[in-house]
Undergrad: 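One structure follows; several queries about it will come next.
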Amino acid sequence: MPDTIRQGATGPAVSQAQYLLARKHYLGAAGVDRVFGAGTDDAVRRFQQDQGLGADGVVGPLTWEKLLASLDFPPPTLQAGSTGPVVERLQQVLDAGRSQFDPDGEPLPADGVYGPRTRAMVVAFQRWGGVADDGVVGLRTWAVSLHAAGQELASAVGV
């Protein structure tokens with residue numbers, strides 16, 4: 001179980017909580033920033049209230065348990081050189097949605113190899129999603145909403 005965190009905290013546990021809050025639609029992907037500020041505090045309190053927990057804004061063991069319920073966590077970090085079925089599924093999802101975020105881009109083959117074309121498509125997706133366009137699929141990118149599909153990238157890929 002990650003550390004107990006509250007407003008003013010920074011670091012990996014904060015980004016993990018923010019990611020989970022984004023996956024549960026309490027925070028946007030841009031809010032996954034490793035800083036437990038007022039926006040995260042508000043999201044935590046709303047989540048706690050909806051879950052029947054004391055809405056104190058502190059992410060302790062009970063809140064972590066509820067945040068982690070029904071989600072595979074953490075999702076893998078994908079970047080240049082990554083391979084395998086998760087990369088292949090990412091490629092399929094990105095290619096299916098490229099008309100939204102990279103309409104002039106070429107079709108992306110789903111070969112399971114995170115190469116330059118996959119990175120370029122990820123960067124276009126990140127720009128469209130309003131997150132840092134570093135080409136790395138980490139917590140913030142996984143949390144980007146696919147608007148029309150009503151789910152986040154992570155849900156669509158199955159991680």
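Since the structure is predicted, the reported quantities are computational estimates derived from the model, not experimental observations.
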Undergrad: Which distance, rounded to the nearest 0.5 Å, do you find between the CZ of Arg45 and the CG of Asp50?
TA: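 Interatomic distance, Arg45 CZ to Asp50 CG, rounded to 0.5 Å: 14.0 Å.
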Undergrad: Is Ile5 reachable from Leu68 through a run of I, L, V, M, F, W or Y residues, each pair having side-chain heavy atoms under 4.5 Å apart?
TA: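 Yes: a chain of side-chain contacts under 4.5 Å links Leu68 to Ile5.
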Undergrad: Which pairs of donor and acceptor atoms, one on a side chain in residues 126-138, lie under 3.5 Å apart (sequence neighbours left out)?
TA:
unit_1: Gln126; atom_1: OE1; unit_2: Asp134; atom_2: N; d: 3.1
unit_1: Gln126; atom_1: OE1; unit_2: Gly135; atom_2: N; d: 2.9
unit_1: Gln126; atom_1: NE2; unit_2: Asp134; atom_2: OD1; d: 3.1
unit_1: Gln126; atom_1: NE2; unit_2: Val136; atom_2: O; d: 2.9
unit_1: Gln126; atom_1: NE2; unit_2: Thr141; atom_2: OG1; d: 2.8
unit_1: Arg127; atom_1: NE; unit_2: Asp133; atom_2: OD2; d: 2.6
unit_1: Arg127; atom_1: NH2; unit_2: Asp133; atom_2: OD2; d: 3.2
unit_1: Asp134; atom_1: OD1; unit_2: Val136; atom_2: N; d: 3.0

Undergrad: Within this structure, what is the CZ-CD distance for the pair Arg98 and Gln91, rounded to the nearest 0.5 Å?
TA: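 One finds 13.0 Å between CZ of Arg98 and CD of Gln91.
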Undergrad: If you take all heavy atoms of Gln16 and Pro2, which pair is closest and at what distance?
TA: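 Smallest heavy-atom distance, with atoms named: OE1-CG, 3.6 Å.
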Undergrad: Would you give the length of the straight line joining atom CG of Leu71 to atom OG of Ser155, rounded to the nearest 0.5 angstrom?
TA: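 Nearest 0.5 Å value for the CG-OG distance: 7.5 Å.
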Undergrad: What I'd like to find out is whether the side chain of Trp142 reaches to under 4.5 Å of the side chain of Glu152, using heavy atoms alone.
TA: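 They are not in contact (no side-chain heavy atoms under 4.5 Å apart), so the answer is no.
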Undergrad: Please name the pair of heavy atoms, one in Val32 and one in Ala143, separated by the smallest distance, quoted to 0.1 Å.
TA: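 Heavy atoms only, the tightest pair is CG2-CB, 4.4 Å.
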Undergrad: What I'd like to find out is whether the side chain of Val122 reaches to under 4.5 Å of the side chain of Leu94, using heavy atoms alone.
TA: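 Counting from C-beta outward, Val122 and Leu94 do come under 4.5 Å.
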Undergrad: Once rounded to the nearest 0.5 Å, what's the spacing between atom CZ of Arg34 and atom CG of Leu139?
TA: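 Reported value, rounded in 0.5 Å steps: 9.5 Å.
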Undergrad: Rounded to the nearest 0.5 Å, what's the gap from CH2 on Trp64 to CZ on Phe73? Could you check?
TA: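 It comes to 6.5 Å.
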Undergrad: Would you call Val113 and Val87 a side-chain contact if the rule is heavy atoms closer than 4.5 Å?
TA: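 Answer no - side chains too far apart.
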Undergrad: Can you hop from Leu20 to Val159 via hydrophobic side chains spaced under 4.5 Å?
TA: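 Cluster IDs for Leu20 and Val159 match.
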Undergrad: Does any part of the side chain of Phe125, heavy atoms only, come nearer than 4.5 Å to the side chain of Leu146, both counted from C-beta?
TA: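 In short, these two side chains touch, coming nearer than 4.5 Å.
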Undergrad: Who are the side chain to side chain contact (heavy atoms under 4.5 Å, CB included) partners of Ala43, not counting sequence neighbours?
TA: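 Listed in chain order: Leu21, Tyr26, Leu27, Arg46.
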Undergrad: Do Ser15 and Arg140 come within less than 4.5 Å of each other through their side chains, counting heavy atoms only?
TA: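 Ser15 does not reach Arg140 side chain to side chain.
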Undergrad: Write down the atom of Gln51, the atom of Lys66, and the distance for their closest heavy-atom approach.
TA: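 Taking Gln51 first and Lys66 second, the nearest heavy atoms are OE1-CD, 3.5 Å.
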Undergrad: Take Val14 and Val35 through the test side chain to side chain contact (heavy atoms under 4.5 Å, CB included) and record every step on the way to the result.
TA: CA-CA 6 Å; Val14 174; Val35 177; 5.6 Å; no
Undergrad: Rounded to the nearest 0.5 Å, how far does CG of Asp42 lie from CZ of Phe47?
TA: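 So the gap between those two atoms works out to 14.0 Å.
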Undergrad: Checking Arg23 side chain against Gln18 main chain: does a donor-acceptor pair fall under 3.5 Å?
TA: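 Judged by distance alone, no pair lies under 3.5 Å.
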Undergrad: Does any N or O in the side chain of Arg89 come within less than 3.5 Å of the main-chain N or O of Ala156, such that one atom is a donor and the other an acceptor?
TA: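 Present.
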Undergrad: With the 4.5 Å side-chain cut-off for hydrophobic clustering, are Leu53 and Phe36 part of the same group?
TA: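 Shared cluster, no.
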Undergrad: Between Gln92 and Ala110, is there a donor-acceptor pair closer than 3.5 Å when you use the side chain of the first and the backbone of the second?
TA: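 No, because the side chain of Gln92 does not come within donor-acceptor range (under 3.5 Å) of the backbone of Ala110.
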Undergrad: Going by atom types alone, do Thr63 and Gln48 pair a side-chain donor with an acceptor below 3.5 Å?
TA: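 Thr63 vs Gln48: donor-acceptor pair found between side chains.
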Undergrad: Leu90 and Leu153: side chain to side chain contact (heavy atoms under 4.5 Å, CB included), yes or no, with the steps?
TA: CA-CA 8 Å; Leu90 171 70; Leu153 180 62; 3.9 Å; yes
